[in-house]
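Because the structure is predicted, anything quoted here is derived from the model rather than measured.
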Amino acid sequence: KPEALARKRENAANWMTLDPEVKCYLPGVPRATYQGYPFQIVQTPKQLLIAYQFANASRIVYMDPKTENAPIDFWMGWSRGRWEGDTLVIDVTGLNDRTWFDRAGNYHSDKMHVVERYTRVAANQLNYEATIEDPEVFTRPWKISMPLYRRVEPNAQLLEFKCVEFG
């Protein structure tokens, strides 16, 4: 939308003071997944935990279809998951409007809805796809996709992330 494009340009011009990542805030969804830092998925019968190295962020994916809607807005959203064959589908709502997609100033509102799809394509590779809808900012839904690779070196683990705010 035109007004959203103007705000994006303002964000880009001032990203060193406005980007939430520079302030060490939680990255949000889907940015946490494609930042380039490792993350780990831990599965239980009723929930998944996704732990991200950046800012020690984490989120719970509720696999019970009876899970309620988001009680409040969250930095990492409210995630409900299900399996469609071999694909993990995560429906994310309840996101606050304080995260960005990137350092170029692309942002979203608290009306954003993300549907993520994790599909195993090889022993150590997933295909990640996210469909983003936000009627406050975008005129239509849009998608991103990328491969995700498992770290296979011995003793691979998430490390402590000490974020120091810029500026």
Which pair of heavy atoms, one from Tyr34 and one from Met146, lies closest together, and at what distance?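 Scanning both residues, the minimum pair turns out to be CB-SD, 3.3 Å.
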
For Ile50 against Tyr118, the heavy-atom pair lying closest together: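 It is CD1-OH, 4.3 Å.
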
Between Arg59 and Ser79, do the side chains contain a donor N or O and an acceptor N or O under 3.5 Å apart?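 Yes.
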
Among side-chain atoms of Ser109 and Asp134, is any donor-acceptor pair under 3.5 angstrom?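 Side-chain D/A pair, Ser109 to Asp134: present.
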
Over 12 foreign heavy atoms within 6.0 Å of [atom1], [X]:
X	atom1	value
Lys1	NZ	yes
Glu3	CD	yes
Glu160	CD	no

Might you work through the ring-ring contact (aromatic ring centres under 6.0 Å, His included) test for Tyr52 and Tyr37, ending with a clear yes or no? CA-CA 7 Å; Tyr52 301 90; Tyr37 295 97; over 10 Å; no

Nearest 0.5 Å, what's the [atom1]-[atom2] distance between [X] and [Y]?
X	Y	atom1	atom2	value
Thr131	Ile144	OG1	CD1	9.0 Å
Tyr62	Glu68	OH	CD	11.5 Å
Leu18	Glu10	CG	CD	7.0 Å
Arg117	Leu126	CZ	CG	13.5 Å
Asn69	Ile72	CG	CD1	13.5 Å
Leu148	Gln125	CG	CD	8.5 Å

Could you go through Lys23 and Glu21, starting from their C-alpha distance and side-chain angles, then the distance that decides it, and tell me whether this counts as salt bridge (charged side-chain N to carboxylate O under 4.0 Å, His left out)? CA-CA 5 Å; Lys23 298 177 182 192; Glu21 180 186 47; over 6 Å; no

Specify whether Phe101 and Phe138 have parallel, tilted or perpendicular ring planes, treating 30° as the upper limit for parallel and 60° as the lower limit for perpendicular.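 Rings of Phe101 and Phe138: tilted, 30 to 60°.
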
